[in-house]
Each structure stands twice: as C-alpha cells, then as structure tokens.
Amino acid sequence: MSTEPVTVVARRVLDDRGDGAVRLGAGRAHGKAILLGEHAVVYGAPALAVPVPQLTAVAKARRVGGDGPDEISFAIAGLESPEVTSLPTDGLQHLVTEFRQRAAVTDPMRVDVLVDCAIPQGRGLGSSAACARAAVLALADAFDRRLDAGTVFDLVQASENVAHGRASGIDALATGATAPLIFRNGVGRELPVAMAGSARLSDPAGFDAVLVIADSGVSGSTRDAVELLRGAFERSPRTRDEFVSRVTSLTEAAAHDLLQGRVAEFGARLTENHRLLRDVGVSTDRIDRMVDAALAAGSPGAKISGGGLGGCMIALAGDRRESAAVVRGVRQAGAVRTWVVPMGRFAGHDD
Ligand code: PMV
C-alpha cells in the first residue's frame, strides 16, 4: 500500500492542477449506530439504527481535463493516521465502475477523489458506507448528475457488498438518514424522533434519552462475523429461526417504545438483544464487561452494536448526568473512547 502525507495528496486534489481542472464536486455522509436487529436483519428481520452526526465523512471529487484514457485517483485520509492511502478499497473501485454505468457517463472518467473520514474503521459505526456515500455524492456533483435517493443507495450498497460480503443495506441508508431508521428487506422508514443535527427538533412522544457509544478499542470484521453466523446457522437452521424470530419481536416492540417515549422498556429490550447476540457468539469479553459496567452505572439498557467480534457497544442513559456516570463506568471497563448522542428533548440544547 502506498502512502503519502495528507497535505500532498489533498493539495493535488484540491489545487488547480494547471492542466485544466473542469469541476469540483463535494459530498458528505455520517456515521451510524445500530440500536437493535444487527445480523438478524441479514435474514429478513427489522433493524433500528440512528445517525451519528458528529462522525463525518467528507469527499471532494475534481475532474481533470485532457482527452486521455480513464485516470481515477483516490486518496483516503482517516482518523487513525495522519497519512492517506492512495490505494482505494475494492469497494470504492467497484463504486466508480457502477457510478459510470448508473450515471451514464460517456466521457473518460478523469477524476481525483479525496475522502476525509472521521469515522473509525471496524467499529460498526458505518465507516465504509459513509465513505462510499460521500464519494458517490461528490462524483455526482463533479459530473453534474442528479441521482435520486434509490440510485445513491444502490451505488453505496454495491460498494458495501464488496466490503462486507452480503450486506443488508442498513448502513447504506443509515449513513444518510437524519432520524432513527427502521429498516427491513431493503426498505427504510425514518421515525419521528428528534436527533441532533436534524431539522426535527421536537417529536410527538418525546423519547428523551442520551445514547452513549463506547469503542472497545478492538477492530471487528463485519464480514467475518456475518460468515461466522452463516456457518453456524447452516449447521443449525433452528438456531437461526429462533434468533431471527426473537430479534424480530424485540425490534418491533422497541420501535413502538421509541414512538411512545418509553425509555426504560426500550432499554430492557436492548439488553435482551445483547444476550441473544452474545449467545450466538459475536460479542467479546471486553464488550460484555462494558455492558455490565453500563448497567451497574444505572443505564436502562446496553448492548453490543454492529457486526461485533470487537467494535462498539451502546448504552442508554435517562439524562446527561446519568450519561456521565455511564461514560465513567464503561471507560473503567476498558472503553478507549466514547461519543454521546442526545435524543428527544436533549437533542436541541444542552441541559
Ligand atoms: O457495519 P456494521 O458492523 O454495523 O454491520 C452491519 C450490520 C450487520 O447486520 C452485521 C450486517 C449487515 O449488512 O446488515
């Protein structure tokens, strides 16, 4: 993998190259956290996810002039290192091919793309989907194409299928959502619950809570976790059916709790979903300890979030004071960093 300092590549992308740069496009997306339903969603269960607006992916695409053959360069600046890689992931490479087809680009694809991603990788926070979404939007802008929401989803999903194996599509959608999202079989619906960063800062029922997201510091491969379960479920279809059916009931009930503002009941369902994910083998000892620590600190519910085998856990808190206690507890149990996502009446202002 070739790397060079971010400033060099960024300058190459953002400065006029002097050989007739024709158009600069920009795109952005954000991280996400799955509240309930991960893994089961791959088998047709519903899942609930929230946008995490403070974790951003921003892309710039600059078309360059000249009549030569296709010349596509990617530069990806990440949170983890001050360097960028100029080697695109297979997913991003695939995305460019798909973009050319879906957007009916007939000119040579001569473009430099810089993706600046503040979302840590391998933590179940939607980093690959958010990078792909930001890149699609930047390419569409640079090539002056208006893509409808379905086409953007399809392009991100094509890239995710390369990155994840068989992706359900929840990340492709949630990284562009502005409210909690219930997702099933490729179709998502945003729920009227206020979140920071969205235009809707009050909601009818008032799901007033603070979500704490905590990073276990260990990277987990979603592809490996999905494969692990696929193997286990092939050996025992009964385990699969029970898992999918119990997660379906929990997620449907949790969506009602969210709409009715029932924080304690919602929390209990999170913890129950954690037990199911732990029992099928995608949690880790450290995440189990972080879940226990959050509950001991007064959280109404906590669970692993995303693909697992590492990554993040989420814990609910009733208010900001409770969230501070939960943050202390999970850090003592091994969390290396935390993010706080206010919901309902906490979303619009500091309490
Ligand atoms: O990107 P992650 O780690 O949050 O995983 C997405 C959720 C899975 O259900 C594990 C996979 C999928 O494609 O839905």
Side-chain angles (χ1 to χ4, degrees), residues 29-52 55 57 89-92 94 117 119-134 153-177 180-188 211 213-233 240 243-244 246-248 250-251 254 270 273-274 276-284 287 303-314 339 341:
H30 49 66
K32 68 96 199 33
I34 296 182
L35 300 180
L36 292 100
E38 55 275 87
H39 287 294
V41 69
V42 174
Y43 298 88
L48 262 176
V50 285
V52 182
L55 293 175
T89 60
D90 292 347
L92 287 180
H94 186 65
C117 187
I119 309 169
Q121 290 176 8
R123 304 298 203 273
L125 295 173
S127 138
S128 61
C131 286
R133 175 174 276 275
F153 172 82
D154 289 348
L155 288 168
V156 177
Q157 185 58 0
S159 155
E160 281 291 276
N161 277 327
V162 175
H164 278 189
R166 177 178 161 195
S168 65
I170 190 166
D171 285 15
L173 215 53
T175 50
L181 182 82
I182 184 143
F183 178 91
R184 187 170 204 171
N185 292 328
V187 181
L211 191 67
I213 303 173
D215 181 0
S216 71
V218 177
S219 175
S221 158
T222 301
R223 180 187 270 274
D224 290 353
V226 169
E227 281 306 310
L228 179 85
L229 287 198
R230 185 198 308 283
F233 291 163
R240 178 198 61 212
F243 175 73
V244 173
R246 292 178 71 181
V247 174
T248 298
L250 277 175
T251 306
L270 285 184
N273 194 174
H274 177 73
L276 296 173
L277 288 162
R278 186 194 60 196
D279 291 351
V280 294
V282 294
S283 189
T284 65
I287 293 211
K303 69 182 267 293
I304 192 164
S305 174
L309 302 179
C312 287
M313 59 82 74
I314 52 167
W339 299 271
V341 181

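Note that ligands are numbered from 1 as they come in the structure, with each ligand's atoms numbered from 1 the same way. Along the sequence shown, residues are numbered consecutively beginning with 1.
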Practice task
Answer side chain, backbone, both or neither: which part of Lys32 comes under 4.0 Å from ligand 1, heavy atoms only.
Solution key: side chain

Practice task
Report yes if some heavy atom in the side chain of Leu276 is under 4.5 Å from a heavy atom in the side chain of Val280; otherwise report no.
Solution key: no

Handout entry: With Lys303, the side-chain contact (heavy atoms from CB on, under 4.5 Å) member among Met313, Glu38, Arg278
Key = Glu38

Practice task
Before giving the answer on side-chain contact (heavy atoms from CB on, under 4.5 Å), spell out for His94 and Asn161 the whole-Å C-alpha distance, their side-chain angles and the decisive distance to 0.1 Å.
Solution key: CA-CA 10 Å; His94 186 65; Asn161 277 327; over 6 Å; no

Exercise for the section: Identify the protein heavy atom lying closest to atom 7 (C) of ligand 1, giving its residue, its atom name and the separation to 0.1 Å. Expected result: Ile34 CD1, 3.5 Å

Practice task
Take Ile213 and Leu125 through the test side-chain contact (heavy atoms from CB on, under 4.5 Å) and record every step on the way to the result.
Solution key: CA-CA 10 Å; Ile213 303 173; Leu125 295 173; 3.9 Å; yes

Handout entry: Working for side-chain contact (heavy atoms from CB on, under 4.5 Å), residues Val247 and Leu36
Key = CA-CA 8 Å; Val247 174; Leu36 292 100; 5.8 Å; no

Handout entry: Interatomic spacing from OG in Ser128 to CD1 in Ile119 - rounded to 0.5 Å
Key = 9.0 Å

Exercise for the section: Return yes if some donor-acceptor pair links the side-chain N/O of Arg184 with the main-chain N/O of Ala47 below 3.5 Å, else return no. Expected result: no

Problem - Plane angle bin for Phe233 and Phe243 - parallel if under 30°, tilted between 30 and 60°, otherwise perpendicular - result: tilted

Problem - Arg240 atom CZ, neighbour heavy-atom count above 12 within 6.0 Å - result: yes

Handout entry: Which residue and heavy atom of the protein sit nearest atom 3 (O) of ligand 1, plus the separation
Key = Thr222 OG1, 2.7 Å

Handout entry: Those atoms of ligand 1 less than 4.0 Å from some heavy atom in Glu38
Key = 9 (O)

Practice task
Tell me which protein heavy atom sits closest to atom 14 (O) of ligand 1, plus the residue, atom name and distance to 0.1 Å.
Solution key: Ser168 OG, 2.5 Å

Practice task
Check ligand 1 against Val41 and write out every atom of the ligand that is under 4.0 Å from a heavy-atom position of the residue.
Solution key: 9 (O), 14 (O)

Practice task
State whether the shortest distance between N or O atoms of His39 and N or O atoms of ligand 1 falls below 3.5 angstrom.
Solution key: yes

Handout entry: For atom 1 (O) of ligand 1, closest protein heavy-atom neighbour
Key = Asp171 OD2, 2.6 Å

Problem - Heteroatom proximity flag, Gly307 to ligand 1, N/O under 3.5 Å - result: yes

Exercise for the section: Could you tell me if any non-hydrogen atom of Arg123 lies under 4.0 Å from any atom of ligand 1? Expected result: no

Practice task
Can you measure from OG1 (Thr175) to CG (Leu173) and round to the nearest 0.5 angstrom?
Solution key: 7.5 Å

Exercise for the section: Check each atom of ligand 1 against the heavy atoms of Gly306 and keep those under 4.0 Å away; list them by number with element. Expected result: 3 (O), 4 (O)

Practice task
Of the side chain and backbone of Leu125, name the one, both, or neither that has a heavy atom under 4.0 Å from an atom of ligand 1.
Solution key: neither

Handout entry: Atom indices of ligand 1 within 4.0 angstrom of Val42 heavy atoms, with elements
Key = 9 (O), 11 (C), 12 (C), 14 (O)

Handout entry: Numbering as shown, the atoms of ligand 1 that approach Gly124 to under 4.0 Å (heavy-atom distance)
Key = 2 (P), 3 (O), 4 (O)

Practice task
State the atoms of ligand 1, each with its element, that fall below the 4.0 Å cut-off from a heavy-atom position in Ala167.
Solution key: 13 (O)

